[in-house]
Protein chains: 2
Amino acid sequence: MTVQEPRTRIQRKNHLAILDAALEVFSRQGFGAATLDQIAAEAGMSKPNLLYYFKSKEAIHLTLLSQLMDIWLDPLREIRADGDPVEEILGYVRRKLQMSREMPRESRLFAHEIVQGAPHMRPELESVLRPLVDAKATVIGDWAEAGRIAPVDPHHLIFSIWSLTQHYADFDVQVRAVLGDGRDPFAEAEEHLDRLFRRMLAP
Amino acid sequence: MTVQEPRTRIQRKNHLAILDAALEVFSRQGFGAATLDQIAAEAGMSKPNLLYYFKSKEAIHLTLLSQLMDIWLDPLREIRADGDPVEEILGYVRRKLQMSREMPRESRLFAHEIVQGAPHMRPELESVLRPLVDAKATVIGDWAEAGRIAPVDPHHLIFSIWSLTQHYADFDVQVRAVLGDGRDPFAEAEEHLDRLFRRMLAP
DNA sequence: GTCTATAACAAGATAGAC
DNA sequence: GTCTATCTTGTTATAGAC
């Protein structure tokens, strides 16, 4: 019988080790190409031991996705309707870019899942992502209508923030290949995106 | 012995059928998760027959990538130094967005390859992509220095164009899940991106 | 000789028994 | 934790059809 809710300290530790190893492997290879052997090796345990904690490869993947969905949307949740519009949006951009820098594996895990058509996450896109985006889009739309930021389609503004920030995590190899050595893509991106959104949003 | 250069009409036809089927399958699943069975079924032929034309799964993938690299960079090559700066850049954005709409499979194929660290394409990133981007970045940088567009880091401007346009192909599922039915993401994106870049680039 | 399909193989996968 | 059953994969004979 597999362990559902980790209770003892050793269970918690192994759960975390497996999920971290799986994040490493899934984010590099995608779900289909990843193997339990790789995950087990990365986690430093045998394959059957791994399957004692999670009943299947897919179970690990699903656990990862649902755990990360929350963390991933936190920066968006922090947008306050009563703050300064431009600074609220720029703060969101900064938080999102920081997540790309500090959590590139999580970013790539989601990228893989979405590019493949979200075979494991489609329901949550509708039930979790969409309502949150709609709520924040309303806030942004109100700001635009009140003339506090330039006219903009709020949904597409959010798409733009996602794509511009996640690009530096998901396409890291390409960015570095183009920029060459000795540059800090994320530091440059922070300045570039700050300028971009200030010009775009200025009323 | 496998067929290298298609000579007869039937060879050409089968080559194209295989590459099209492989594009379909690789772009949905990525290289590792895709199987020759799927590609053969999609191409309407048996697996050994497929391997009569390409000597391995990787050979098909490499052929696809190198063929597409050229097409993929054409919109960037079209930027003219002697044109109107804002219109040249906006034209590039439009062409790139149009490619996302008309060639989403190609976009996702590249996305898979890059997200996984470009295991089959790293050399070409350095030898083909980077020199072209550097050349166009010089053009854009000159425009900025001459005050014909707003100050901007040219390389990051190009990254922004890539990410903003390809997002609508690669993350199509997410975009549609958030927007809901009855909307045309690409039509909306065209207007949104036109506004975004006009504001961003206005001198 | 050009092309295609049936059959089989060796490697490696998930999952589970011991 | 070793070991194994079962399945699937990429690839290779082998041999038949245009």
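Keep in mind that the numbers below use all heavy atoms, side chains included, and drop hydrogens, waters and symmetry copies. So you know, we letter chains A, B, ... as the sequences are listed, proteins then strands, and number each from 1.
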statement: Comparing Asn49(B) with Glu58(A), nearest DNA chain C nucleotide closer to 5' gives the residue Asn49(B)
- prompt: Counting only side-chain N and O atoms of Gln11(B), is one of them less than 4.0 Å from OP1 or OP2 of dT2(C)?
  reply: no
- prompt: Rounded to whole angstrom units, what separation is found between the CZ atom of Arg9(B) and the C1' atom of dT2(C)?
  reply: 15 Å
message: Pair Glu188(B), His155(A) - check side chain to side chain donor-acceptor pair (under 3.5 Å), show working.
response: CA-CA 10 Å; Glu188(B) 298 176 14; His155(A) 287 96; over 6 Å; no
- request: Figure out the OH/P separation between Tyr52(B) and dG16(D), and round it to whole Å.
  value: 18 Å
Atom-to-atom span, NE2 of His61(A) to P of dT14(C) - whole angstrom: 13 Å
field: Any side-chain donor near an acceptor of the partner, His112(B) and Ser27(B), under 3.5 Å
entry: no
query: Within the structure shown, what part of the strands sits under 4.0 Å from Ser46(B) by heavy-atom distance: base, sugar-phosphate, or nothing?
result: base
query: Hey, is the side chain of Ser56(A) poking within less than 4.0 Å of OP1 or OP2 on dG16(C), counting only N and O atoms?
result: no
query: Below 3.5 Å, does any donor atom in the side chain of Lys47(A) face an acceptor in the base of dG1(D), or the other way round?
result: no
message: Whole angstroms only, please: what is the OH-C1' distance between Tyr53(B) and dA5(C)?
response: 13 Å
- request: Please report, rounded to the nearest Å, how far the P atom of dA13(C) is from the NZ atom of Lys57(A).
  value: 9 Å
message: Nearest 0.5 angstrom please: Arg199(A) CZ to Arg198(B) CZ, how far?
response: 13.5 Å
- request: Mind telling me whether Phe159(A) and His167(B) have parallel, tilted or perpendicular rings, with 30° and 60° as the class edges?
  value: tilted
- request: Start with the C-alpha distance between Tyr168(B) and His156(A), add both sets of side-chain angles, then the distance that settles ring-ring contact (aromatic ring centres under 6.0 Å, His included), and finish with yes or no.
  value: CA-CA 10 Å; Tyr168(B) 289 94; His156(A) 288 271; 5.6 Å; yes
message: Can you measure Ile10(B) atom CD1 to dC18(D) atom C1' for me and round it to whole angstrom units?
response: 9 Å
query: Counting any heavy atom closer than 4.0 Å, what does Ala59(B) reach on the DNA or RNA strands: base, sugar-phosphate only, or nothing?
result: nothing
Nucleotide nearest Pro48(A) (side chain, heavy atoms from C-beta), chosen from dT9(D), dC3(D), dA5(C): dC3(D)
field: Separation of atom CG in Asp37(B) from atom C1' in dT11(D), rounded to whole Å
entry: 12 Å
- prompt: Between dA13(C) atom P and Ile39(A) atom CD1, what is the distance in whole Å?
  reply: 11 Å
message: Just to be sure I understand the rule, does Ala33(A) reach a base, reach only the sugar-phosphate, or reach nothing, if contact means heavy atoms closer than 4.0 Å?
response: nothing
